[in-house]
Amino acid sequence: MMNGIDIASYQTGIDLSKVPCDFVIAKATGGYGYKNPDFKRQIEQTLALGKCAGAYHFAWDKGYTGATPEQEAQWFVDVVKPYLGKIALALDWEAQAKKLGPAWAKRWLDHVYKQTGVRALIYASASTVDNKAWADVAKSYPLWVSEFAISTDPSYKAGYTPVHGYLADPPGDDDIGPWGKNITIRQYTSMGFLDGWSRRLDLNIAYIDGDGWDKLCGKTSAPVEPETPVKPTVDELAQEVLTGKWGNGGERKQRLEAAGHDYAAVQRRVNEILSGKAPGTPTTPPTSEELTEAE
């Protein structure tokens, strides 16, 4: 498991080298036309620090509504393109977007997959996606669920309890709609506080390791191709024959042919060596007596 944060323009200027985190997911775009002005710096510092990195798109961001899911998806892809293969991708599904329905979200996710080969996460509250309507999305796309513990203490802003440092086992449902127990990331507070940043942060736990994150980025471990053995030359085989490596008589013929070598060519070269002829010297085809001369 890994601990991490998600950030946006609200965290402009954050020095990620001072904030403890295994991963950072930065807002890249919103709607059709919005770009986080600090995205490039945030994502490049995350990568430079060797942390796991991700980028998200806020669907139907305020003031940037009205586009098709494909238009919004392409806007996102164009912005994150320099980092593809190095970062995980996600669709932030909240606020106004929720009224668009799962089909709109799937069209966005499908377009991103077609353009990048990456299956983006869907970020949404547990209450939003805890129903069968999301079954088609759950079949192909991993879940980043948001589920906060609400406090009844009126002194806590918006009812959320401040959390100082990461939680090893944050509260939340273990079974979310059509995803079941297959939750990839859980965001458990928007009132998190960590060293290195004085204001609140969203805190997350990812139920995967670095290899799992690489898979989210679309990285795959290419199978290691076995090395093709270098076939020895006729001259090399002839020298091996002369040292006794291949045996004598019928055994030599059997072993050379079983190994895929041209027994007649090898024996011819053996005879040339024994007679003092240079490689490539024209010879008449060997007789049966010549083929056994060196045995």
Side-chain angles (χ1 to χ4, degrees), residues 2 4-16 19 21-95 97 100 104-124 137 140-146 184-185 187 201-202 204 206 208 210-220:
M2 301 188 295
I5 58 176
D6 59 275
I7 57 178
S9 60
Y10 299 111
Q11 288 79 31
T12 293
I14 187 172
D15 186 347
L16 297 167
V19 179
C21 54
D22 300 315
F23 64 89
V24 177
I25 307 177
K27 180 177 181 178
T29 56
Y32 186 56
Y34 174 80
K35 178 181 176 182
N36 172 12
D38 201 34
F39 170 70
K40 184 176 186 293
R41 187 201 65 82
Q42 291 172 347
I43 204 71
E44 291 185 356
Q45 186 185 29
T46 301
L47 292 169
L49 290 169
K51 298 179 185 293
C52 294
Y56 73 87
H57 172 83
F58 194 114
W60 259 42
D61 208 348
K62 186 176 180 181
Y64 295 86
T65 60
T68 67
E70 290 78 16
Q71 287 173 321
E72 287 202 17
Q74 191 60 50
W75 167 237
F76 173 69
V77 169
D78 290 343
V79 171
V80 302
K81 188 174 294 183
Y83 314 106
L84 291 176
K86 301 177 183 179
I87 63 173
L89 308 178
L91 173 63
D92 185 341
W93 192 256
E94 56 181 303
L100 298 173
W104 196 104
K106 188 173 186 301
R107 284 173 58 186
W108 188 97
L109 293 162
D110 287 348
H111 186 82
V112 168
Y113 175 64
K114 289 175 184 177
Q115 296 298 310
T116 68
V118 176
R119 293 196 179 277
L121 294 144
I122 176 75
Y123 165 91
V137 174
S140 302
Y141 300 101
L143 178 63
W144 173 14
V145 67
S146 170
T184 303
I185 303 175
Q187 183 195 77
L201 291 163
D202 294 340
N204 302 263
I208 54 177
D211 289 339
W213 196 277
D214 284 346
K215 291 178 181 178
L216 288 180
C217 299
K219 297 178 184 178
T220 56

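Index from 1, following the sequence.
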Next item on the list: Kindly give the heavy-atom pair with the smallest separation between Asp202 and Asn204, and that separation in Å.
Entry: O-ND2, 3.6 Å
Margin query: Contact between Pro142 and Leu216 at the side-chain level, heavy atoms closer than 4.5 Å - yes or no?
Written below: yes
Check: How close do Ile7 and Val24 get, heavy atom to heavy atom, and via which atoms?
Finding: CD1-CG1, 3.7 Å
Please output the side-chain donor-acceptor pairs of residues 77-84 that fall under 3.5 Å, not counting sequence neighbours, one pair per line with the distance.
residue : atom : partner : partner atom : Å
Asp78   : OD1  : Gln74   : NE2          : 2.9
Tyr83   : OH   : Glu44   : OE2          : 2.8

Note to self: Donor-acceptor check, side chain of Asp22 to backbone of Cys52, threshold 3.5 angstrom: yes or no?
What the structure shows: no
Margin query: Closer than 3.5 angstrom, by distance alone: can the side chain of Trp75 be matched with the main-chain N or O of Tyr34 as a donor-acceptor pair?
Written below: yes
Note to self: Testing the basics here: between Asp61 and Lys27, what is the closest heavy-atom pair and its distance to 0.1 Å?
What the structure shows: OD2-NZ, 2.7 Å
Margin query: Please check: side-chain N/O of Gln45 versus main-chain N/O of Gln42, any donor-acceptor pairing under 3.5 Å?
Written below: no
Checklist line | Asp92 side-chain N/O to Tyr56 backbone N/O, donor-acceptor pair under 3.5 Å | finding: no
Next item on the list: Tell me, please, which residues at least two apart from Asp110 pass salt bridge (charged side-chain N to carboxylate O under 4.0 Å, His left out).
Entry: Lys106
Margin query: I'd like to check Ile25 versus Phe23 (side-chain heavy atoms, cut-off strictly below 4.5 Å). Are they in contact?
Written below: yes
Item checked: Nearest heavy atoms of Phe76 and Ala55, plus distance in Å -> CZ-O, 3.7 Å
Checklist line | For the student: nearest non-hydrogen atoms of Glu72 and Ala67, plus distance | finding: CG-CB, 4.0 Å
Checklist line | Minimum side-chain heavy-atom gap Thr29-Phe39 below 4.5 Å | finding: no
Notebook entry, point to check: Any side-chain heavy atom of Phe58 sitting closer than 4.5 Å to one from Tyr64?
Noted result: no
Check: Should Ser9 and Asn36 be marked as a side-chain contact (heavy atoms from CB on, under 4.5 Å) after you check the CA-CA gap, both sets of side-chain angles, and the distance that decides it?
Finding: CA-CA 6 Å; Ser9 60; Asn36 172 12; 3.5 Å; yes
Note to self: Keeping Trp213 on the side-chain end and Ala53 on the backbone end, is there a donor-acceptor pair under 3.5 Å?
What the structure shows: yes
Item checked: Qualifying residue for side-chain hydrogen bond (donor to acceptor under 3.5 Å, both in side chains) with Glu70, from Arg107, His111, Gln115, Lys114 -> Arg107
Checklist line | Within 6.0 angstrom of Lys86 NZ, more than 12 heavy atoms from elsewhere | finding: no
Item checked: Separation of Gln187 CD from Asp6 CG (nearest 0.5 Å) -> 4.5 Å
Notebook entry, point to check: Side chains of Thr184 and Leu143: does their closest heavy-atom pair fall under 4.5 Å?
Noted result: no
Next item on the list: Verify whether the ring centers belonging to Trp108 and Trp60 lie closer than 6.0 Å.
Entry: no
Notebook entry, point to check: Which atom pair, heavy atoms only, marks the closest approach of Val118 to Cys217?
Noted result: CG2-O, 3.5 Å
Next item on the list: Look only at the side chain of Arg41 and the backbone of Ile14, and say whether a donor-acceptor pair between them is shorter than 3.5 Å.
Entry: yes
Note to self: With a 3.5 Å distance limit and no angle check, can you tell me whether Lys51 reaches the backbone of Cys21 through a side-chain donor-acceptor pair?
What the structure shows: yes
